[in-house]
J.: 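Structure provided below as structure tokens; questions to follow.
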Amino acid sequence: MLLTTKFLRPTSDPRAVRRERLYGLLQPGAPKRLNLVVAPAGFGKTTLASQWCAQLGSSTAWLSLDEHDNEPRRFWQYMTGAFEHSGLAGMDTCRQQLSHCSLQELEGPITALINALSSDGANWSLVLDDFHFIRNPEIQRQLAYFVDYLPPGVTLTLTSRTEASLPLARWRVRRWIEDVHPALLAFSEDECRRFFRETMEMEVSEHDIRHILQKTEGWVAAMQLSALTGATDASGSPTASAISVDVDERSINDYVLTEVLEQQPQAIRDFLTSTACCPRLCASLCDRVRDTSNSQTMLEQLLRQNLFLIPLDTRNHWFRYHDLFRDALLKRAWARDPESARLHWQRAVQWLMTHDHVQEGIAQIVRQQDWTWLAQVLAEHGNNLIHGGYHLPVLQWLDALPVATVDDSPQLQMLRIWSLFFANRVDVLEPLLSDLEDMLDRRVADSHPDAEGALGLQSEISLIRSYLARTRSDEKSASDLTQQVLRDIDHTRIPLKSVTYYGVGLDYYDKGDLASAQEALRSAVRYGELERKPSTVLSSGGLLAWIQYNRGDIDEALETCTSVRRWVDQHYSDPSQPRLISCWQNSALTEIYRERNEPELAASHLAPLLDHVTNGTEPGQHVIIQYVRGHLAFSEGRHEDAISALEDAVSVARRRRDHIVFEPPACSALLSRCYLASGHPEQAMQWVDSVKGEAFSNPLNFEQNQISTARVLVASHRADEAIALLTPMRAGAERDQHFRHLVEILTVHAEALYCANRTEEADEILTLAVKKGAQAGFMRIFAEESAAIRQRLLDLPALHAPSSWNGRVLDMLRNLDPVAPERAEVAEQPPHVKPPESGNDALAEPLSQRELEVLELINQGLANKEIATRMTVAPATVKAHIRNLYGKLGVSRRTEALARARELGLLD
């Protein structure tokens, strides 16, 4: 998951000195392609780039780089993300290629990014801030390729402490580069004057300004340090005569120590050096490090003095030191008293570990390369980190350990297996499991001191094997292994109950035993909270809500999602980390709010899942996400979008079935409804023929397929066959409490009866469907039906009885856009009699309702963009509709389309 904060351009202090003389150098213009802003730390590179972007008229993208981005795939994923975050269209291909191609094939997605910029045609500026972190020769080679083929109007700006290993000489000959070096970045006399008087709000004499400028050579960081030194001087004027600084980082450190630190009282000096080990600061952490109780007062004093302390919130709770300032303090602390520095560092890490900042604590341990402590921490916290969604960092930390340390620890090997499992790398697990089992058997046979722990790990191995059995559709082995774990679990020290009960819930769900699945999943949530496994809590609660929704308990499903989310946010909320989400829970919420006719809320819960589809995710999750995405699009009348998502879901479910631990939703059944709604009954009938005799382990999927088959039969004027199919299903759905399907069965049954001219019986069945829908709180389910049924619902006496639900459903039905019914007026036709053809029916492939709507707007003389605005769709979607209707009408331009449409009677 990409951190979107890396795409946010830093907001500069409004009092900061504006550098108009440099903005002109950075301005885009042929033949320039690259701005190279290179200078040591403290020269204001980031501030300059940020200010320039703020006043730039063209499209801008920003990417703040760090040491983790020195890896080719990650670097280009963030490059792509920066452009997409700033509004560049057409990035789907690039992102998909980045998620699937090998490192040797990265030139493909880089080319896709160049093509997207070329297709966009706009003037783009991208800033890569702190490019000195990128040292990988492969990335620099790829970036050179990227710059060589940039389309006109695209400008890249690099801010860096060092000059990159790029073909700069060649580019300079071609006049592609604008160099902004330290001499240009240095403050002029006027900028120095404005800095002290406006930014720092200090009254400094002209003599002192010229003296400071001469000594610092316009170096901004040194000026700020001199300003702070002056601020602490009793006379109130800066001690400029003491300034003697060379422009390099060593001088920065020396200056910090001699001209800032040594000017502070002893209590401030001690506080600064002892807390420099803390990546972030709060009073409680500082108190623990210093073994005192006055840290909040000290922090507020530093903040008042503007002593390189940066607030991280609005409550003065969390802070951090300026990086340069902290680096100097750290070097001073370790050089002067390494034993005290190590003690302070250990206390800081211990506080982080005990206050649920485990990842931050581990990062500090890795930085100090304390491998023994890292192994201990991973053994203690690794399991919870993995089940909290941080399996990839755990893999990285395990790789950082000495190989012998991991090979000699069954627990660390088990952590590697779990991390690989959650990373969906199940194909490599079998040999690792076998090796670990052999090792555990030897330890038990040799009466190893940790033989009891070995038995506990055997239960984890069985649990992993049960999930692998599910991917092979080996339900018996999966069930046997899970039950074995449940029998052994109370005799182990490893917290596995939540994950085990989640597996039990999946098994029951797959069999269609929804009541037992709910019971198991409630246990999984309860034990997950006790074991502090947030990802298991979210997944178990999400699947539980999904089942409750299908059983007609929408309010209960929403409460399940709310309570689970509340627990996770209360115990695992970290603003510095992406928010932990669950595919099951967000999908359930998308379905719930879609059904409650709140599409904006539904889309807000779907949105975080879409990146996982494009960037690559576990295939079962991929299918679920695309299913709910397609269902939401279908509900909103975006049939082409729905078909695209559902066809992808069907394809992945078929190709990756061996990697999915449950039977995914019957996406093809919903796909057939989309074919009907978009005017392609022949494709819907082909689907019916293709699923005949298909077996399902989950009765929900069987019912969904049968209902869709009945819909196609009704649309084909085979009402009697549809009635025969639906009649026995009603009792089963009611018995199993599949109330959502029961409402659908009743509604489609009623439509078939109307088609067969059994109107009185149909009214009774439709009235019962409304009653069941009202009890469950379903709404949108009725709006998705055919126009004929919607009209019957509007005329149904039961729906006009006073109630808030009735009123909302009636308003929803009345406010629907007029839609050409898939089976128009079928209720008025005798059974098996096809209605007379209209002008649209005379076409070999009739126009869909959306295409008819576009045709009418073309007839009104609207341009494509105006049509897109009127229909609230993307211009590309309008172009697709026009292309389709041209093909169906057999024309190639607007005037021909309108003439042909009038011949057919499609337009007045």
J.: Between Arg594 and Ser635, is there a donor-acceptor pair closer than 3.5 Å when you use the side chain of the first and the backbone of the second?
T.: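 Flag not set: sc Arg594 to bb Ser635 has no pair under 3.5 Å.
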J.: Kindly say whether Leu558 contributes a backbone atom to a donor-acceptor pair with the side chain of Thr562 at under 3.5 angstrom?
T.: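 Checked: pair present.
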J.: Hey, is CZ on Phe782 packed in by over 12 heavy atoms from elsewhere, all under 6.0 Å?
T.: yes
J.: Does Met353 reach the side chain of Glu360, with side-chain heavy atoms less than 4.5 Å apart?
T.: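 No, their side chains stay 4.5 Å or more apart.
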J.: Would you call Glu784 and Arg780 a salt bridge, using N to O less than 4.0 angstrom?
T.: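 Not counted as a salt bridge, because no side-chain N and carboxylate O are separated by less than 4.0 Å.
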J.: For Pro410 and Leu440, which heavy atoms make the closest approach, and how far apart are they?
T.: CB-CD2, 3.8 Å
J.: Could you check whether any side-chain heavy atom of Ile581 comes within less than 4.5 Å of a side-chain heavy atom of Leu538, counting everything from C-beta outward?
T.: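 When only atoms from C-beta onward are counted, Leu538 and Ile581 do not touch, as no gap falls below 4.5 Å.
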J.: Taking Asp569 first and then Arg565, would you say they form a salt bridge - that is, a charged N and a carboxylate O separated by under 4.0 Å?
T.: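 Looking at Arg565 together with Asp569, the answer is yes, because their closest N to O distance falls below 4.0 Å.
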J.: Do Asp648 and His622 have a side chain donor and acceptor closer than 3.5 Å?
T.: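 A donor-acceptor contact under 3.5 Å links the two side chains.
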J.: Answer whether the closest heavy-atom distance between the side chains of Leu606 and Glu591 falls below 4.5 Å.
T.: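 In short, these two side chains do not touch, never coming nearer than 4.5 Å.
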J.: Taking C-beta and beyond as the side chain, do Tyr501 and Val525 meet within less than 4.5 Å on heavy atoms?
T.: no
J.: Kindly say whether Asp513 contributes a backbone atom to a donor-acceptor pair with the side chain of Ser516 at under 3.5 angstrom?
T.: no
J.: Taking the side chain as everything from C-beta on, heavy atoms only, tell me whether Leu514 gets closer than 4.5 Å to Tyr509.
T.: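 With C-beta onward as the side chain, the pair touches.
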J.: Parallel, tilted or perpendicular: which fits the ring planes of Trp418 and Phe421, with parallel below 30° and perpendicular above 60°?
T.: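 Because their plane-to-plane angle is over 60°, the rings of Trp418 and Phe421 count as perpendicular.
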J.: Apply side chain to side chain contact (heavy atoms under 4.5 Å, CB included) to residues Ser498 and Val537 and explain how you reach the verdict.
T.: CA-CA 8 Å; Ser498 61; Val537 170; over 6 Å; no
J.: Ignoring hydrogens and angles, tell me if any N or O in the side chain of Ser409 forms a donor-acceptor pair with the backbone of Val406 under 3.5 Å.
T.: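 Not confirmed, Ser409 side chain does not pair with Val406 backbone.
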J.: Checking the side chain of Gln413 only, and the main-chain atoms of Leu436 only, is there a donor and an acceptor separated by less than 3.5 Å?
T.: no
J.: Side chains of Val394 and Trp397: closer than 4.5 Å at any heavy-atom pair?
T.: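 In contact.
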J.: Checking Asn550 side chain against Arg740 main chain: does a donor-acceptor pair fall under 3.5 Å?
T.: no
J.: Give, for atom CD1 of Ile765 and atom CG of Leu746, the distance between the pair rounded to the nearest 0.5 Å.
T.: 6.0 Å
J.: Assess, by modelled atom type and distance only, whether the side chains of Arg673 and Ser708 contain a donor and an acceptor separated by less than 3.5 Å.
T.: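 Absent: no donor and acceptor within the cut-off.
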J.: Start with the C-alpha gap between Gln548 and Ile554, add the side-chain angles, then the distance that decides, and say whether side chain to side chain contact (heavy atoms under 4.5 Å, CB included) holds.
T.: CA-CA 7 Å; Gln548 290 167 334; Ile554 289 186; over 6 Å; no
J.: Whether Arg522 and Glu519 form a salt bridge (side-chain N of Lys/Arg under 4.0 Å from carboxylate O of Asp/Glu) is what I want to check.
T.: no
J.: To the nearest 0.5 Å, what is the distance between NE2 on His741 and CE on Met729?
T.: 8.0 Å
J.: Within the 4.5 Å heavy-atom criterion, are Ser419 and Leu392 side-chain neighbours or not?
T.: no
J.: Ignoring hydrogens and geometry beyond distance, is a side-chain donor-acceptor pair present between Ser539 and Gln585 at under 3.5 Å?
T.: no
J.: Using the six-membered ring wherever Trp is involved, compare the ring planes of Tyr593 and His605 and label them parallel, tilted or perpendicular (cut-offs 30° and 60°).
T.: parallel
J.: What is the distance from atom OG1 of Thr590 to atom NE2 of His631, rounded to the nearest 0.5 Å?
T.: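 Answer rounded to 0.5 Å: 11.5 Å.
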J.: Begin with the C-alpha distance, continue with both residues' side-chain angles, and end with the deciding distance and a verdict on side chain to side chain contact (heavy atoms under 4.5 Å, CB included) for Ile707 and His749.
T.: CA-CA 9 Å; Ile707 295 168; His749 192 177; over 6 Å; no
J.: So, taking the atom named OH in Tyr502 and the one named OG1 in Thr500, what distance separates them when rounded to the nearest 0.5 Å?
T.: 13.0 Å
J.: Under 3.5 Å, is there a donor on one side chain and an acceptor on the other for His738 and Glu703?
T.: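 The answer is yes; a qualifying pair exists.
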J.: Okay, side chain of Thr405, backbone of Leu401: is any donor-acceptor separation there less than 3.5 Å?
T.: no
J.: Would you say Gln704's side chain and Leu670's backbone share a donor-acceptor pair under 3.5 angstrom?
T.: no
J.: What is the distance from atom CG of Asp553 to atom CD of Gln518, rounded to the nearest 0.5 Å?
T.: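 So the gap between those two atoms works out to 7.0 Å.
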J.: Before accepting this row, confirm whether a basic side-chain N of the pair Glu556/Arg551 lies closer than 4.0 Å to the acidic partner's carboxylate O.
T.: no
J.: Indicate whether any N or O donor in one side chain lies under 3.5 Å from an N or O acceptor in the other, for Arg629 and Gln626.
T.: yes
J.: Does Glu595 reach the main-chain N or O of Phe778 with its side chain, forming a donor-acceptor pair under 3.5 Å?
T.: no
J.: Using side-chain heavy atoms (C-beta onward) and a distance below 4.5 Å, is Ser587 in contact with Leu609?
T.: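 Counting from C-beta outward, Ser587 and Leu609 do come under 4.5 Å.
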J.: Any chance you could lay out the salt bridge (Lys or Arg N to Asp or Glu O under 4.0 Å) test for Lys511 and Asp507, step after step, and finish with the verdict?
T.: CA-CA 6 Å; Lys511 297 172 185 174; Asp507 288 341; over 6 Å; no
J.: Just by distance, do the side chain of Ser644 and the backbone of Asp641 share a donor-acceptor pair under 3.5 Å?
T.: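 No: the side chain of Ser644 does not pair with the backbone of Asp641.
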J.: Checking Asp399 against Arg416 for the salt bridge (Lys or Arg N to Asp or Glu O under 4.0 Å) test, could you report, in this order, the C-alpha distance in whole Å, the side-chain angles of both residues, the deciding distance, and whether it holds?
T.: CA-CA 9 Å; Asp399 289 340; Arg416 185 186 297 280; 3.1 Å; yes
J.: Any Lys/Arg nitrogen of Arg465 or Glu437 sitting under 4.0 Å from an Asp/Glu carboxylate oxygen of the other?
T.: yes
J.: For Trp546 and Trp584, take the angle between the two ring planes, folded into 0 to 90°, and tell me which bin it lands in: parallel under 30, tilted 30 to 60, perpendicular over 60.
T.: perpendicular
